[in-house]
Asks: 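Got a structure for you, questions after.
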Amino acid sequence: MPKNSLSITDNRTGKTYELPVEQGAIKALDLRQIKASHDDFGLMTYDPGFTNTACCKSAITYIDGDKGILRYRGYPIEQLAEKSGFLEVAYLLVHGELPTTTRFAEWTFQITNHTFIHENIKHLLDAFRYDAHPMAVFVSTLAGLSTFYPEAHKIRDKEVRSRQVIRLIAKAATLAAFAHRKSVGMPYAYPDNDLSYAGNFLNMMFKTTETKYHPDPVLEKALDVLFILHADHEQNCSTNAMRGVGSSDVDPYSATAAAAAALYGPLHGGANESVLNMLREIGDVKRIPDYIKRVKAREFRLMGFGHRVYKNFDPRATIIKKVAYDVFEVTGKNPLIDIAVELERIALEDDFFISHKLYPNVDYYSGIIYEAMRFPVAMFPVMFAIGRMPGWMAQWEEMLEDPDHKIARPLQVYTGSEERKFVPIEKRK
Ligand code: CMC
């Protein structure tokens, strides 16, 4: 019997099957041969939320949730956050290697020179209500971009594809900032191509009457680090949406709109917004014990805590906590930090959180930093999406290049009624 195999005995029939094991996985389709009777469909797995199903092979991001390890293309997140920059990390994710000086200069030039958006996008923005949530606006304008670049449907053409990757990374920041300016009734601030990616985003968000906006270097660096920390996270909900929708061979703007929509949810990219609302609701360190009691009574969850993969600590949370203090040196302390630190301390000593392996995740401190930098709460998920864009692009291209890739089409375990006869409306009870 080969060593790299799994023997399964089906007790319904007494038959034994041998399935090959490759890289710690069996092929789900190998189970299909296991049938209870001749006309049986064959065995499948039931896995809501894909908690134990690998949907692809990927060489982009490695996570060891127990050890708190996160690496992009082999490089530890701590080193990238300290020594690299967002656009370099974006290149690494998309191209698989760190760029040479020449390639990096070209990449930066290309991204920087694709930051402008078609003027008609502004009319699209005008159509939204004055109080439209910027994330919903962001999702819609991303989808809208596909109407400006009809060539984008040629997803098998590598050159065409590369252009869309550059456009999406470049324009994400502009769409995001414009969504914000629209929501506060400010005139749009156009991209400034002399600035860094993060610096230009600050410019488009906050520029008022000055002829030239000069971002604070500490805040610019902090934002750059936050973008790096959010850049990819293997098969999370929004990346799964990117791959799932992209697997139909749709253009990348439509697939990215779907990914961003997935990110909007409070269990994913919307969590940092929920953390701030939670800290505000607590309002005072004295109310923390009562709040924890209610979490343990399962009235609600402690937002910014827990992760599907990290069961010891989220390495991104450790880096972010440090960034928070750098930012406060410039902005002054966000009073919510005291509540957050105390809430974290109490939760980490509590049996409920220890036994459930619940630790602060990336979103626990990011909202506090964003707020100190004057980003409105509604922009938090949008900022997450800007950071995640290179990851979505890398994962999308990897999927298209994968010879194993197929349109995503999961199965179901049917639990509805057997065939029955249609009853005319006058005879229904
Ligand atoms: N507060 C209280 N209890 C929790 C929490 C929490 N934040 N998270 C999980 N649990 C409990 C849950 O009640 C369950 O308990 P039991 O087994 O006794 O019924 C157990 O832990 C497992 O929970 P789960 O929902 O099955 O775990 P999951 O892996 O499906 O969910 C999660 C992961 C991130 C959705 C969840 O931890 C959560 O809802 N956290 C709060 C929202 C949040 O901070 N999301 C941001 C995630 S990081 C950013 C990103 O990558 O998107």
Side-chain angles (χ1 to χ4, degrees), residues 61-72 75-90 92 196-199 201-202 215-233 269 271-276 278-279 285 288 302-307 309-349 353 358-375 377 379-380 383-384 386-388 391:
T61 289
Y62 174 78
I63 300 176
D64 183 328
D66 288 329
K67 296 195 184 125
I69 292 174
L70 168 61
R71 296 182 200 135
Y72 298 158
Y75 296 100
I77 191 67
E78 294 79 3
Q79 289 182 27
L80 293 172
E82 193 194 329
K83 299 186 173 141
S84 187
F86 177 61
L87 283 192
E88 192 177 45
V89 167
L92 171 70
S196 72
Y197 188 90
F201 181 61
L202 290 169
D216 181 286
V218 175
L219 304 189
E220 185 181 2
K221 170 72 188 153
L223 189 57
D224 197 71
V225 171
L226 283 159
F227 286 155
I228 291 174
L229 299 184
H230 284 95
D232 195 51
H233 214 232
N272 48 15
E273 183 170 351
S274 311
V275 171
L276 264 228
M278 173 186 80
L279 295 175
V285 282
I288 293 174
L302 195 55
M303 297 315 285
F305 259 68
H307 201 275
V309 185
Y310 297 117
K311 299 298 175 196
N312 249 326
F313 68 97
D314 180 339
R316 301 168 300 172
T318 316
I319 299 168
I320 280 193
K321 199 169 171 184
K322 188 186 162 302
V323 171
Y325 288 98
D326 295 345
V327 167
F328 297 158
E329 290 283 318
V330 177
T331 62
K333 198 163 90 171
N334 184 338
L336 294 178
I337 189 83
D338 291 335
I339 303 176
V341 169
E342 184 61 3
L343 182 60
E344 178 188 0
R345 189 190 66 74
I346 295 180
L348 292 185
E349 286 175 356
F353 295 91
L358 298 171
Y359 298 85
N361 60 46
V362 67
D363 284 329
Y364 192 66
Y365 285 104
S366 62
I368 302 174
I369 301 176
Y370 289 148
E371 191 180 66
M373 291 172 78
R374 294 195 300 118
F375 287 106
V377 173
M379 278 301 285
F380 296 179
M383 321 266 298
F384 192 152
I386 299 172
R388 186 54 55 90

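Along the sequence shown, residues are numbered consecutively beginning with 1.
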Asks: Any side-chain heavy atom of Leu229 within less than 4.5 Å of one from Val323?
Replies: no
Asks: Would you say the side chain of Val275 lies within less than 4.5 Å of the side chain of Phe380, judging by non-hydrogen atoms?
Replies: no
Asks: To the nearest 0.5 Å, how far apart are CD in Gln79 and CZ in Arg71?
Replies: 10.0 Å
Asks: CZ/Phe353 to CG/Leu348 distance, rounded to the nearest 0.5 angstrom?
Replies: 9.0 Å
Asks: Heavy-atom count around Glu329 CD within 6.0 Å, excluding the residue itself: above 12?
Replies: no
Asks: Check side chain to side chain donor-acceptor pair (under 3.5 Å) between Asp314 and all other residues, then give those that pass, not counting sequence neighbours.
Replies: Arg316
Asks: Rounded to the nearest 0.5 Å, what separates atom OG in Ser84 from atom CD1 in Ile77?
Replies: 9.5 Å
Asks: Starting at CG of Leu279, measure out to CE of Met303 and round the result to the nearest 0.5 Å.
Replies: 11.5 Å
Asks: Looking at NZ of Lys83 and CD1 of Ile228, how far apart are the two atoms once the value is rounded to the nearest 0.5 Å?
Replies: 12.5 Å
Asks: State, with a plain yes or no, whether a side-chain heavy atom of Leu302 is found less than 4.5 Å away from one of Leu343.
Replies: yes
Asks: Contact between His233 and Val362 at the side-chain level, heavy atoms closer than 4.5 Å - yes or no?
Replies: no
Asks: If you define the side chain from C-beta out and look only at heavy atoms, does anything of Tyr325 sit under 4.5 Å from Ile337?
Replies: yes
Asks: Minimum heavy-atom separation for Leu223 and Tyr370, please, with both atom names.
Replies: CD1-CE2, 4.2 Å
Asks: Between Pro315 and Gly68, which heavy-atom pair has the shortest distance, and what is it?
Replies: CG-O, 3.2 Å
Asks: Once you measure the plane-to-plane angle for Phe227 and Phe86, does it fall in the parallel (<30°), tilted (30-60°) or perpendicular (>60°) bin?
Replies: tilted
Asks: Could you list the residues that satisfy side chain to side chain donor-acceptor pair (under 3.5 Å) with Asp326, not counting sequence neighbours?
Replies: Lys322
Asks: With sequence neighbours left out, what residues match Asp216 under side chain to side chain donor-acceptor pair (under 3.5 Å)?
Replies: none
Asks: Specify the closest pair of heavy atoms between Gly199 and Ser196, including all atoms of both residues, with the distance to one decimal.
Replies: N-OG, 2.9 Å
Asks: Residues two or more places apart in sequence or in another chain: which of them pass side-chain contact (heavy atoms from CB on, under 4.5 Å) with Asp66?
Replies: Asp64, Lys311
Asks: Please answer whether the main-chain N or O of Lys67 pairs with a side-chain N or O of Asn312 as donor and acceptor at a distance below 3.5 Å.
Replies: no
Asks: How far apart are the C-alpha atoms of Ile386 and Tyr197, what are their side-chain angles, what is the distance that settles it, and do they pass the side-chain contact (heavy atoms from CB on, under 4.5 Å) test?
Replies: CA-CA 11 Å; Ile386 299 172; Tyr197 188 90; 3.3 Å; yes
Asks: Side chains of Leu226 and Met383: closer than 4.5 Å at any heavy-atom pair?
Replies: no
Asks: Applying side-chain contact (heavy atoms from CB on, under 4.5 Å), can you list everything that pairs with Ala372, at least two apart in sequence or on another chain?
Replies: Val327, Phe328, Thr331, Asn334
Asks: In the structure I gave you, are the side-chain heavy atoms of Thr318 and Glu78 within less than 4.5 Å of one another anywhere?
Replies: no
Asks: Can you label the angle between the Phe201 ring and the Phe375 ring as parallel, tilted or perpendicular, going by 30° and 60°?
Replies: parallel
Asks: Check whether any side-chain N or O of Tyr364 sits under 3.5 Å from a backbone N or O of Ala340 as a donor-acceptor pair, and report yes or no.
Replies: yes
Asks: Would you indicate whether the side-chain heavy atoms of Glu344 and Tyr365 approach each other to under 4.5 Å?
Replies: yes
Asks: Using the side-chain contact (heavy atoms from CB on, under 4.5 Å) rule, take His230 and Asp363 through it: C-alpha gap first, then chi angles, then the decisive distance, then the call.
Replies: CA-CA 10 Å; His230 284 95; Asp363 284 329; 3.9 Å; yes
Asks: For Leu276 and Gly367, which heavy atoms make the closest approach, and how far apart are they?
Replies: CD2-C, 3.8 Å
Asks: At their closest point, which heavy atom of Gly306 faces which heavy atom of Asn361, and how far apart are they?
Replies: O-ND2, 2.9 Å
Asks: Looking at residues at least two apart in the chain, or sitting in another chain, which of them share a side-chain contact (heavy atoms from CB on, under 4.5 Å) with Thr61?
Replies: Ile63, Leu70, Tyr72, Leu93, Asp232, Glu234
Asks: Looking only at non-hydrogen atoms, find the nearest pair between Asp224 and Ala198 and report the distance.
Replies: N-CB, 4.0 Å
